[in-house]
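Worksheet: the structure to be examined is printed underneath.
First listed ligand is number 1; within each ligand, the first listed atom is number 1. We count residues from 1, following the sequence as given. Here the structure is a predicted model, which means the values were calculated and not measured.
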Amino acid sequence: MGLSLTFIAHDLAVVKHISDCVLVMYLGHTVELGTYDEMYHNQQYPYTRALMSVVLVPDPDKEQGKQIQLLEGELHSPINLPTGCVFRTRCPNAGTECTKTRPLLEGSFHHAVSCLKIDHL
Ligand code: SF4
């Protein structure tokens with residue numbers, strides 16, 4: 001039909017059922033973008049992984065055994081962003097370069113990530 005819809009939600013279990021392409025934002029910045037398959041089976045950005053880890057699985061055995069990735073650290077205000085990477089105060093992989101350089105979204109429409117420590121796709 002040549003129709004595009006933008007659907008905004010926090011519940012990725014819902015997004016999964018209606019989206020061909022998924023974009024994840026953190027504090028107003030796009031941190032990962034990709035096709036449905038890439039985002040649900042090959043997510044790279046640590047915030048995306050944490051979000052995906054809490055998606056409910058409609059199988060009680062798998063749901064009980066799944067590993068949830070809890071995020072620690074300071075949640076900044078979107079009007080007072082940290083220097084460098086916007087996720088660095090909560091990222092388990094943050095290093096000194098992450099305090100200095102704000103990463104750009106790199107990759108393709110198939111899969112793109114905004115992280116200094118990920119070899120681009
Ligand atoms: S750039 Fe650094 S802080 Fe940001 S997501 Fe990548 S590793 Fe984490």
Side-chain angles (χ1 to χ4, degrees):
M1 294 176 64
L3 177 68
S4 295
L5 295 173
T6 299
F7 179 72
I8 301 171
H10 287 96
D11 185 345
L12 291 173
V14 176
V15 172
K16 181 178 179 178
H17 291 287
I18 64 167
S19 303
D20 298 320
C21 180
V22 178
L23 181 151
V24 174
M25 299 186 80
Y26 184 79
L27 292 178
H29 290 253
T30 301
V31 295
E32 191 160 8
L33 159 76
T35 61
Y36 164 91
D37 278 340
E38 284 293 307
M39 296 299 276
Y40 282 88
H41 303 296
N42 186 31
Q43 68 275 160
Q44 300 290 315
Y45 198 84
Y47 180 60
T48 311
R49 288 185 171 163
L51 289 176
M52 292 296 182
S53 79
V54 297
V55 170
L56 291 174
V57 179
D59 175 329
D61 293 332
K62 288 183 182 170
E63 179 63 24
Q64 274 192 336
K66 78 178 183 186
Q67 292 270 322
I68 291 179
Q69 295 181 28
L70 294 177
L71 292 174
E72 297 179 355
E74 184 183 353
L75 176 58
H76 271 259
S77 160
I79 60 170
N80 183 25
L81 294 173
T83 58
C85 176
V86 292
F87 188 58
R88 72 172 171 79
T89 57
R90 303 177 80 195
C91 179
N93 308 325
T96 50
E97 71 271 30
C98 304
T99 66
K100 299 175 189 155
T101 306
R102 181 155 296 160
L104 300 174
L105 189 68
E106 292 185 54
S108 66
F109 281 112
H110 180 71
H111 198 167
V113 185
S114 172
C115 177
L116 300 171
K117 292 194 171 184
I118 291 173
D119 285 335
H120 286 287
L121 316 159

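- Here is the list of ligand 1 atoms found below 4.0 Å of a heavy atom in L116: 1 (S), 6 (Fe).
- In terms of modelled atom types and a separation under 3.5 Å, the side chain of Y26 and the main chain of Y47 share no donor-acceptor contact.
- Minimum interatomic distance between C85 and Y45 (heavy atoms only, all atoms of both residues): SG-OH, 3.5 Å.
- Remark: D59 CG is packed, more than 12 non-hydrogen atoms of other residues, nucleotides or ligands lying under 6.0 Å away.
- The atoms of ligand 1 that sit less than 4.0 Å from any heavy atom of N93 are 7 (S).
- For Y45, every heavy-atom contact with ligand 1 shorter than 4.0 Å involves the side chain, none the backbone.
- Not one N, O or S atom of C98 sits under 2.8 Å from atom 4 (Fe) of ligand 1.
- Side chain of E32 to main chain of Q44: a donor-acceptor pair is present (N/O by atom type, distance under 3.5 Å, no hydrogens or angles).
- Set against the non-hydrogen atoms of C115, the atoms of ligand 1 under 4.0 Å away are 1 (S), 5 (S), 6 (Fe), 7 (S).
- With T83 contributing its side chain and K100 its backbone, the two residues share no donor-acceptor pair below 3.5 Å.
- Scanning C85, G84, C91 for the heavy atom closest to atom 8 (Fe) of ligand 1 points to C91.
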